[in-house]
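Counting starts at 1 for both ligands and their atoms, in listed order.
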Amino acid sequence: MLPDVYHRTDVPMRTGVGKVPPYKTHRHTLYGQQEGHCAGCKHHFPFRNLTTDHIVARSKCGTDDLDNLQLLCGACNSMKGTMHQAAFLARLKRAGIGQ
Ligand SMILES: [Zn+2]
C-alpha cells in the first residue's frame, strides 16, 4: 500500500525574504540602545558621526537584522572592516581603546 501522495501544483514561495527593512533605518534605534556611544571605542558621538556596521559582515553572510547591527565611529568602522567582531574587540583591547 502506498500512502496518499499530496501533489502541489502551486509553486512554494519563501516568505521571509525581502521583509527586512534597509539597515540604515535602524540607526536611530541603535543610537538609542547605545546611548550615543560607539560600540568599539565607547566614546560619545553626535548621531551624524556614527555609522551602521554589520557585526557579521554582509560579505560573510551577515544579515540586515537589527541584532546584527551596531553603530561605530568612523575610526572604529575602518579598523573593523570585515573583521570578526571578537577579533575587532581584541584589537581594540590591545590598543587600550574602549576600556
Ligand atoms: Zn569608535
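The structure places CD1 of Ile55 at 7.0 Å from NZ of Lys80, a figure rounded to the nearest 0.5 Å.
Distances under 2.8 Å from the Zn ion (ligand 1) pick out the protein N/O/S atoms Cys38 SG, Cys41 SG, Cys73 SG, Cys76 SG.
Closest approach of Lys42 and Gly98 over heavy atoms only: CG-O, 3.5 Å.
Asn68 contributes no side-chain N or O that, together with a main-chain N or O of His54, makes up a donor-acceptor pair within less than 3.5 Å. Between the side chain of Arg27 and the main chain of Leu71, no donor-acceptor pair closer than 3.5 Å is present. A donor-acceptor pair under 3.5 Å is absent between the side-chain atoms of Asp53 and the main chain of Asn77, judged by distance alone.
Between Cys38 and Leu50, the closest side-chain pair of non-hydrogen atoms falls below 4.5 Å.
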